[in-house]
Protein chains: 4
Amino acid sequence: MNVVDATPSAVKQTAHGQPDASPELDRLYQNFEKELLVPLWTQIGDLMPMHPRSKATPHLWRWDRLNELAAEAGHLVPVGRGGERRAIALANPSLGGRPFATPTLWAAIQYLMPGENAPEHRHTQHAFRFIVEGEGVWTVVNGDSVRMSRGDFLPQGGWNWHAHYNAARAPMAWIDGLDIPFAYYTESQFFEVGRDALSPAEHTCPEFSDSERLWAHPGLLPVSQLGQQHPTTPLLAYRWVDTDRALNQQLALEDEGHAVTVSPGHAAVRYTNPANGRDVLPTIRTEMHRIRRGAATLARREVGSSVFQVFEGQGTVTVDDKQWQVRRGDMFVVPSWAQFTARCDAGQATLDLFRFSDTPIFEAVNAYRTQTLPA
Amino acid sequence: MNVVDATPSAVKQTAHGQPDASPELDRLYQNFEKELLVPLWTQIGDLMPMHPRSKATPHLWRWDRLNELAAEAGHLVPVGRGGERRAIALANPSLGGRPFATPTLWAAIQYLMPGENAPEHRHTQHAFRFIVEGEGVWTVVNGDSVRMSRGDFLPQGGWNWHAHYNAARAPMAWIDGLDIPFAYYTESQFFEVGRDALSPAEHTCPEFSDSERLWAHPGLLPVSQLGQQHPTTPLLAYRWVDTDRALNQQLALEDEGHAVTVSPGHAAVRYTNPANGRDVLPTIRTEMHRIRRGAATLARREVGSSVFQVFEGQGTVTVDDKQWQVRRGDMFVVPSWAQFTARCDAGQATLDLFRFSDTPIFEAVNAYRTQTLPA
Amino acid sequence: MNVVDATPSAVKQTAHGQPDASPELDRLYQNFEKELLVPLWTQIGDLMPMHPRSKATPHLWRWDRLNELAAEAGHLVPVGRGGERRAIALANPSLGGRPFATPTLWAAIQYLMPGENAPEHRHTQHAFRFIVEGEGVWTVVNGDSVRMSRGDFLPQGGWNWHAHYNAARAPMAWIDGLDIPFAYYTESQFFEVGRDALSPAEHTCPEFSDSERLWAHPGLLPVSQLGQQHPTTPLLAYRWVDTDRALNQQLALEDEGHAVTVSPGHAAVRYTNPANGRDVLPTIRTEMHRIRRGAATLARREVGSSVFQVFEGQGTVTVDDKQWQVRRGDMFVVPSWAQFTARCDAGQATLDLFRFSDTPIFEAVNAYRTQTLPA
Amino acid sequence: MNVVDATPSAVKQTAHGQPDASPELDRLYQNFEKELLVPLWTQIGDLMPMHPRSKATPHLWRWDRLNELAAEAGHLVPVGRGGERRAIALANPSLGGRPFATPTLWAAIQYLMPGENAPEHRHTQHAFRFIVEGEGVWTVVNGDSVRMSRGDFLPQGGWNWHAHYNAARAPMAWIDGLDIPFAYYTESQFFEVGRDALSPAEHTCPEFSDSERLWAHPGLLPVSQLGQQHPTTPLLAYRWVDTDRALNQQLALEDEGHAVTVSPGHAAVRYTNPANGRDVLPTIRTEMHRIRRGAATLARREVGSSVFQVFEGQGTVTVDDKQWQVRRGDMFVVPSWAQFTARCDAGQATLDLFRFSDTPIFEAVNAYRTQTLPA
């Protein structure tokens with residue numbers, strides 16, 4: 001608890017609206033502490049700032065190094081019931097050593113050795129996988145095997161059974177995003193253990209999951225499934241070939257004179273729930289951004305935090321007073337209300353950035369704000 | 001960061017799914033730490049429990065003592081720009097000395113001396129006042145003076161200008177509830193300073209605010225205001241006379257054989273936004289509960305936390321393994337997923353409990369759960 | 001390849017886009033008729049006008065005459081199973097003698113002799129009663145007796161059992177509004193017969209219905225009922241004392257400088273479902289309008305039709321090229337897109353107009369438009 | 001005070017709840033007529049039936065004959081401003097010769113000769129085109145050229161500019177569906193004339209429209225367009241290749257044991273607005289159904305009417321007491337609450353049925369019901 005350090009008498013206000021120090025005030029503050037009370041007037045600057053001042057720090061993790069350490073863990077750390085997953089989380093440097101990339105978001109590299117099986121469980125935390133490189137692992141969701149290949153995005157709404165299996169001859173790494181910190185702070189998590197091993201049928205994986213065969217047709221929904229609610233997406237994989245084409249088409253349409261990009265040279269698609277057009281997960285927004293050669297995003301701030309992973313290309317990213325050259329696989333964090341810009345470096349075709357954020361939480365409680373800054 | 005303490009070789013899993021200790025593992029963990037990484041497998045029990053295990057503790061604050069200390073602060077601490085409010089917050093014993101009643105909710109006693117003015121400001125945090133006793137203060141919201149009397153409930157949606165003024169000859173205390181901890185953790189707050197003093201016209205307060213005159217007619221809404229959104233309630237006061245009557249009618253209807261109470265002998269009304277029937281604030285649910293003589297609530301758990309204040313009567317409250325006899329003004333905290341029951345003591349007409357909770361947040365992100373336990 | 005002027009040379013278009021007459025064309029038209037086909041090009045002017053051109057006519061029915069004829073029916077026509085209700089409907093002069101006030105709305109005077117019982121039934125058509133004068137009848141809705149007094153409004157969502165009973169020594173008349181024509185054209189109606197007689201307990205009526213005791217508290221909703229949907233209002237009576245006060249307050253607030261009226265001197269409240277703030281019925285909007293001495297409404301057109309009843313005062317109403325002096329009980333019709341103005345006559349305190357319309361249908365299918373015309 | 005048996009003695013009820021005939025009653029009825037009043041008790045059987053009894057009749061139109069007459073019109077009737085479209089509408093045999101397939105739905109064959117241009121206009125009526133055969137026409141919607149090929153579905157939300165152009169060497173026919181009768185009865189239509197001729201750029205048509213390039217990516221939405229409402233679908237073409245694949249996948253998944261069909265052997269997809277997962281148009285539901293060899297749909301009734309067109313295959317359709325053998329292009333009508341079954345004939349691979357209905361209207365006003373009948 002933080003108190004003021006001064007002196008005198010009746011009730012006079014100091015420069016910053018604090019009472020003058022006195023033995024009586026000291027005793028009052030001691031009584032507050034004894035009674036588990038804290039005054040607003042000593043805390044208001046921290047608690048109620050003029051605008052969000054994030055505890056989190058902008059930070060960059062290099063993919064090479066993440067991969068290296070994950071590979072070492074592949075040799076030293078088993079995957080099985082109890083530990084559940086060989087996932088190694090980004091710990092924002094100013095969030096107390098907790099495995100939280102931002103105050104609300106978890107971002108981790110997960111690593112699976114050939115033949116390994118990450119055992120089935122389910123939890124209310126919402127999750128997704130994004131695959132920056134590799135091949136050969138699949139996720140089994142309620143018995144539906146979902147292939148994971150470079151560029152694919154696999155959302156995983158809360159409370160679905162899931163396991164991962166690596167059938168390839170090589171290890172594979174990918175990233176997991178979850179709302180673990182949000183669920184942790186707000187204390188809303190449930191967890192259940194499932195089967196320890198997959199069934200033989202689940203040891204092979206078709207090219208397309210059942211979910212895709214049922215739900216991945218543009219604008220066409222299965223009549224049999226429309227009588228029920230789908231608060232999280234029933235579509236379990238969004239394939240790179242589709243994402244890439246959508247982004248290319250936006251840039252081509254821009255070239256033809258249509259105002260379909262976020263800003264000149266900056267295309268973006270959002271992964272959405274086909275059943276309602278909303279975010280795939282109630283707490284996490286996920287998008288792929290493509291910035292073309294020589295272009296940059298507008299400088300923006302917004303309420304809430306984001307984690308990015310570079311999917312392809314090289315670029316220069318600025319977050320408040322930090323600036324990095326980034327390349328494939330690199331991950332970085334943009335805290336709430338930090339100013340963000342990304343530019344595609346010269347000589348690159350495009351800079352492709354996968355992004356996830358906690359925006360849906362703020363939209364749901366009417367607290368979202370954004371600001372575009374003059375160039 | 002918490003690591004495991006053991007020894008040997010290849011990749012063997014310990015009892016709780018942890019790798020065997022080894023110098024290589026130690027070095028790996030050191031590298032994780034250096035690179036700002038944290039493994040899931042050492043943290044999962046804390047991060048992903050089987051059900052919510054709150055960091056917060058059930059705790060009771062006695063109104064007499066709150067009032068006493070607030071009165072002392074009335075003599076020692078000025079109210080003015082900078083400190084903004086003479087508000088003293090409940091600090092949950094296990095939340096690190098922070099002024100947080102629960103992980104998401106702020107609850108404070110606010111105290112105003114005769115003639116004092118708490119200066120105008122606005123913030124995106126949603127707030128309310130509830131008045132357990134006293135008379136003579138009003139809140140001025142965007143120029144609308146709202147009287148505060150025993151039993152009244154005054155919601156205050158985010159980003160509305162507001163000041164408080166005590167025109168009585170006696171000091172007055174009331175409670176403030178806000179989503180300050182939620183906004184703090186999620187980093188979504190904005191704040192602005194308004195006028196330092198009220199206008200002369202605002203130095204008198206009518207019996208009913210403009211907002212009541214416009215919006216407090218049952219089922220009747222002003223046509224002129226229905227073309228706009230009302231994400232927070234436009235009705236700024238819910239008077240005790242209405243709340244009391246609504247609760248009495250529920251119990252009377254129950255006596256006549258209608259299933260209109262929450263459970264036998266337990267009536268409850270929710271304060272709602274007349275424009276849409278939803279909670280008055282997007283992040284805070286507020287309700288008044290009345291338990292009649294000899295009756296008790298069903299034992300329940302739910303996702304999310306609550307703060308209660310006893311409005312009238314005496315009763316026995318059980319929260320997990322704690323039990324208290326409570327009386328007028330006492331405040332207590334029910335953490336997420338804690339088992340809660342309240343009983344009206346013999347010899348009391350009723351036990352009236354004002355309650356606020358963070359439930360709307362969980363409903364908004366599809367994370368709400370509740371469980372009623374066998375008697 | 002060229003456009004329209006490349007049409008086959010034999011085909012020439014007449015002034016209004018019609019083909020030249022010819023024996024071949026005659027034969028084609030005969031074949032169309034034989035095959036149950038109709039060309040668009042001969043019908044488009046009627047089917048797809050530039051703006052709504054209503055089949056309905058503005059028309060006024062005098063209350064005195066309605067009452068007189070209803071009283072005669074009271075002596076000649078029984079009320080009972082089969083005929084179900086002694087209701088006499090306004091038949092718009094240009095809707096083919098059908099009992100339709102407008103293409104979508106039914107408006108009728110219903111008349112009950114002392115001691116009479118209109119037997120219980122239910123139907124999916126949404127209904128309401130509005131009482132311009134009289135006392136002593138009640139409606140029993142699912143066993144809940146709802147008193148009907150001057151100025152009261154009683155909505156009746158589809159598929160609720162209901163009966164009417166006159167316990168007074170005098171006959172009583174009131175108006176019924178329903179969406180019968182809409183349900184008739186769209187063919188969506190169900191009907192069921194209930195009990196022929198009320199139970200003895202239903203032969204007395206309390207001052208307030210159970211529904212009011214549970215739901216008519218401003219902004220306060222019963223927690224026990226909030227887990228279910230309420231597509232139609234659960235509040236079964238909106239009392240005149242509340243409506244009158246709400247209108248008076250709007251005019252008083254206007255006098256104090258607040259922009260809370262529809263336009264200067266024109267106050268209006270909408271009857272809404274307290275559970276969601278929406279219209280009481282999914283197909284019918286209901287409002288009470290008060291125009292003060294010397295004031296008039298703005299001239300407006302809107303998509304959809306309305307029926308008005310004068311509740312109090314005298315005024316001048318203009319609908320397109322018709323103009324009437326109106327007084328208590330008079331009913332008139334405003335067709336879709338007709339220009340409407342009402343003025344309170346000099347020497348009158350106010351002109352109070354009850355209004356119902358089909359607006360929610362158009363809002364639901366994104367077809368609502370309105371236009372305010374220059375004075 | 002007593003109930004119904006206390007009715008005045010002179011009034012006796014006849015068998016069907018009608019008053020006894022008398023000169024006084026005759027005079028009353030004459031006065032009703034003079035005053036533009038109609039009693040409920042003589043009309044209730046027609047107005048408020050036990051369940052929907054449609055004025056419309058089940059009826060079948062053969063595609064060969066439709067095509068033949070449309071081709072004749074192609075030679076006799078020009079297309080141009082005034083007549084606007086060479087569209088020939090199905091007129092339900094029991095709807096008074098009006099061009100209404102059902103009380104709410106318009107269905108027409110439209111026919112365009114080589115080089116013809118159906119001039120640009122817009123209207124609030126919602127529309128779509130479905131192409132059962134042919135190639136070479138495109139629709140230009142707000143300047144976006146949308147190719148029309150066999151199996152394609154082109155929705156057209158109200159108030160969008162549109163024209164049609166036939167660039168092929170052959171005439172082309174397709175069907176138009178609109179909510180013209182609904183808009184006509186409810187009187188909610190607006191219409192505006194646009195350009196008489198297309199621009200040269202619009203005289204060529206790319207394979208995919210801009211709308212498809214922007215919106216036809218499964219689950220992937222353009223971030224730049226998500227800040228605005230999309231009450232009607234922004235995706236202007238749903239291609240057969242996608243629809244066919246979606247249906248095949250449902251049947252294949254069914255073969256693998258998944259409950260993803262409407263009923264055994266009956267697959268169905270709904271055309272939906274990708275921005276919100278709802279129907280493409282606020283008043284019209286559109287679906288493609290595939291019934292496999294030997295299978296049949298369950299027998300069902302539902303509130304609201306449908307129009308079907310056979311897309312492929314041959315089958316047997318039963319609507320109440322009518323039964324037809326149907327084949328490619330044939331169109332038929334299912335009135336409200338009529339019992340409907342379709343069966344794929346032996347020797348056919350599948351029976352593919354395109355269907356449109358007015359269901360969204362009933363869902364929007366809480367009036368939808370359906371009933372599945374025992375086999």
Check your understanding: By a 4.5 Å heavy-atom criterion (distance strictly below it), what part of C/Arg27 contacts chain D: side chain, backbone, both, or neither?
Key -> neither
Study note, to complete from the structure: Heaviest contributor of heavy-atom pairs below 4.5 Å to chain C, chosen from D/Asp358, D/Thr104, D/Leu69, is D/Leu69
Review point. Where does D/Phe362 contact chain C at under 4.5 Å (heavy atoms): side chain, backbone, both or neither?
Key: side chain
Review point. Taking C/Ala364, C/Gly97, C/Gly158, C/Ser188 one by one, which has the highest count of heavy-atom pairs under 4.5 Å against chain D?
Key: C/Ser188
**Study point:** Interface residue of largest heavy-atom contact number with chain D, from C/Ser22, C/Ser336, C/Pro200, C/Ser305, under 4.5 Å
**Key:** C/Ser336
Review point. Using the ring of each side chain (for Trp, its six-membered ring), is C/Phe191 parallel, tilted or perpendicular to C/His123, with breaks at 30° and 60°?
Key: parallel
Point to revise | D/His51 versus chain C, the contacting section by heavy-atom distance below 4.5 Å | key: both
**Study point:** D/Glu202 with D/Arg195: basic N within carboxylate O range, under 4.0 Å
**Key:** yes
**Study point:** For chain D, the option from C/Arg369, C/Gln43, C/Gln110 that forms the most heavy-atom pairs under 4.5 Å
**Key:** C/Arg369
Check your understanding: Tell me, side chain or backbone of C/Leu37 under 4.5 Å from chain D's heavy atoms, or both, or neither?
Key -> both
**Study point:** Which portion of D/Glu24 sits near chain C, non-hydrogen atoms under 4.5 angstrom
**Key:** both
Point to revise | Ion pair check, C/Glu116 and C/Arg86, cut-off under 4.0 Å | key: yes
Check your understanding: So do the side chains of D/Phe100 and C/Leu47 get within less than 4.5 Å of each other, counting heavy atoms only?
Key -> yes
Review point. Chain C heavy atoms under 4.5 Å from D/Leu90: which part of the residue, side chain, backbone, both or neither?
Key: both
Review point. With a 4.5 angstrom heavy-atom cut-off, which part of D/Asp46 approaches chain C: side chain, backbone, both or neither?
Key: both
**Study point:** Minimum heavy-atom distance C/Pro119-C/Asp196, with the two atoms named
**Key:** CB-O, 4.0 Å
Practice item. Specify which of D/Ala91, D/Ala367, D/Pro103, D/Pro282 makes the most heavy-atom pairs with chain C at under 4.5 Å. Key: D/Ala91
Practice item. Measure distances from C/Gln125 to the heavy atoms of chain D and classify the residue's part below 4.5 Å as side chain, backbone, both or neither. Key: side chain
Check your understanding: Are C/Trp41 and C/Pro19 side-chain neighbours, meaning at least one heavy-atom pair lies under 4.5 Å?
Key -> yes
Point to revise | Donor-acceptor pair, side chain of D/Asn117 and main chain of D/Tyr165, under 3.5 angstrom | key: no
**Study point:** chain D contacts, top residue of C/Leu25, C/Asn31, C/Thr124 (heavy-atom pairs, under 4.5 Å)
**Key:** C/Asn31
Practice item. Flag the one option from D/Trp337, D/Phe182, D/Tyr368, D/Tyr184 with the top tally of heavy-atom pairs under 4.5 Å to chain C. Key: D/Tyr184
Point to revise | Considering all heavy atoms, the nearest C/Asp279-C/Pro360 contact | key: OD2-CG, 3.4 Å
**Study point:** Per-residue contact mode, D/His121 against chain C (heavy atom under 4.5 angstrom)
**Key:** neither
Exercise for review: Examine whether an atom of D/Arg62 lies under 4.5 Å from a heavy atom of chain C, and if so say whether it belongs to the side chain, the backbone or both; otherwise answer neither.
Suggested key: neither
**Study point:** Part of C/Arg85 within contact of chain D (heavy atom distance under 4.5 Å)
**Key:** both
Exercise for review: Using non-hydrogen atoms and a 4.5 Å limit, figure out which bit of D/Ala108 sits close to chain C: side chain, backbone, both or neither.
Suggested key: neither
